[in-house]
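Proteins get letters first, then strands, A, B, ... in listed order; numbering begins at 1 in each. Computation of the quantities below employed the complete heavy-atom set of this structure, encompassing side-chain atoms and omitting hydrogens, waters and symmetry-equivalent molecules. Here the structure is a predicted model, which is why all the values come from computation and not from measurement.
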Number of protein chains: 2
Amino acid sequence: MPKHEHVSISVIRRLPRYYRFLGDLMKLGFSRISSQELSQRMGLTASQIRQDLNCFGGFGQQGYGYNVDMLHSELGSIMGTNMSYPVIIVGAGNIGRALAMNINFGATGFRLSAIFDNSPSVIGTTISGLTVMDVSELENYCRENRPKVAVLTIPRAAAPSVVSSLVDLGVKGFWNFSHYDFSVKYKEKGIIVENVHLGDSLMTLCYLIKSAGEE
Amino acid sequence: MPKHEHVSISVIRRLPRYYRFLGDLMKLGFSRISSQELSQRMGLTASQIRQDLNCFGGFGQQGYGYNVDMLHSELGSIMGTNMSYPVIIVGAGNIGRALAMNINFGATGFRLSAIFDNSPSVIGTTISGLTVMDVSELENYCRENRPKVAVLTIPRAAAPSVVSSLVDLGVKGFWNFSHYDFSVKYKEKGIIVENVHLGDSLMTLCYLIKSAGEE
DNA sequence: TAGATTGTTAATCGATTAACAATC
DNA sequence: TAGATTGTTAATCGATTAACAATC
């Protein structure tokens, strides 16, 4: 089934939230939901929900609404939660370890396959069932296991060379927690980068707090 | 100086990135930059940069461009990086600890003042210079120290009651890493929530990887 | 002064919301 | 059938881009 071409990023970023709310509704025992009621629960408009969903297909039924289970599973397969793309974590510091232990990679379409670090005190330790490998093994590992995505939890200074070699080794996407900004050339190559700039997020919060106080 | 009223959230979310790039330029020894050159480095349009900055004031000079140091510090004070709002972390699990150790709260307008947990094995341990306190002390602590913001790194199930009491105790903003979705009523009360839904971010990445592969 | 580059207005583009015919 | 609610088209709104006069 060829999905509608070019769905806007705004729509895509709402999908995981729909998915979460539908999962909740399932747990609450709902079997059907109207765009109207979902919109109230989520704090957006019914119109937007219908528009968003219709980017991917007509999942509802006039006069009835949407079947919760069905819509949930449709959204899941649209996003690829049933996939199992191999992922590596590069950088087993605080953040890397916390992600390894906290993120449910399986539920989001991935499979955590290896963790790398360059510190002798960390290499060889076990995190979430995986033994931390030496970054010097990164190249061999990638040639053999072809990870699709790398989680970048390394210091900024280390990022450029690591990214460059990972791209050469076939990594297609990055979940970027480092303070490194990917240059435009990677986007042109079709490399996908999902940035999680925690510092930016916190500064935004600071601005909003400050502005609220100034009113 | 009364800032221009209601700057859109899209603009606000770009400010930290401008700030970062300007900091880099300072380190590289730049003293001036044109919107044109900055736009190329950042991968956006010069027009957008000028529009964004002019939401807050005319920081440039015709024929010259922008003074890097000056613009950097202006943006800093617009965002409030010079503030020192007290912040508490609620939940000293992997993520809470990693944030305590990794985030430069001081550089983003905050001051980490306390960390709470409910697990006896964690209470009393030291993280980043702070002794983890028992959540039972949360109320007293807030009454005495009036934290402005709380970082939520607790399980979802624990969130509703913690949030409710923190709001009653005067907390104005949340940096929310829990899977809890704040209900609309808090927004109506003027509570500010900056969500960091890591699962959503990873699912978005999955979708993008999947779509790229399907082309 | 001439050249460069801003600040700002106008034009375009895209995303959200509203409306309603189709249909379960 | 009547009522409800979708899918979809049209209208609105806001954000981005383009253009250019102002001015350093």
Engineer: Kindly say if A:Arg14 contacts the phosphate of C:dT16, meaning a side-chain N or O under 4.0 Å from OP1 or OP2.
Structural biologist: yes
Engineer: Any donor and acceptor pair, going by atom type alone, linking the side chain of B:Asp117 with main-chain N or O of B:Ala92 inside 3.5 Å?
Structural biologist: yes
Engineer: Whole Å only: how far is the OH atom of B:Tyr66 from the C1' atom of C:dT5?
Structural biologist: 9 Å
Engineer: Quick one: is C:dG7 close enough that its OP1 or OP2 comes under 4.0 Å of any side-chain N or O from B:Arg50?
Structural biologist: no
Engineer: So which nucleotide does C:dA15 pair with, by the Watson-Crick or G-U wobble rule with both distances under 3.5 Å?
Structural biologist: D:dT12
Engineer: Within less than 4.0 Å of OP1 or OP2 of D:dT6, is there a side-chain N or O belonging to A:Ser35?
Structural biologist: yes
Engineer: Using the rule given for ring pair (Phe, Tyr, Trp, His ring centres under 6.0 Å), can you reason through A:Tyr141 versus A:Phe116, listing the C-alpha separation, both sets of side-chain angles and the distance that settles it, and then say yes or no?
Structural biologist: CA-CA 10 Å; A:Tyr141 182 88; A:Phe116 294 86; 5.5 Å; yes
Engineer: Check the distance between D:dA10's C1' and A:Gln51's CD and give it to me in whole angstrom.
Structural biologist: 11 Å
Engineer: Centres of the B:Tyr19 and B:Phe21 rings: under 6.0 Å?
Structural biologist: no
Engineer: If you draw the axis of the six-membered ring of B:Tyr64, does the NZ or CZ of B:Arg32 fall within 45° of it and under 6.0 Å from the ring centre?
Structural biologist: yes
Engineer: Checking only heavy atoms, does the side chain of A:Ser47 share a donor-acceptor pair with the base of C:dA18 at less than 3.5 Å?
Structural biologist: yes
Engineer: Can you find a donor-acceptor N/O pair under 3.5 angstrom joining the side chain of A:Ser8 to the base of C:dA15?
Structural biologist: no
Engineer: Does D:dC20 have a Watson-Crick or wobble mate here (both distances under 3.5 Å), and if so which one?
Structural biologist: C:dG7
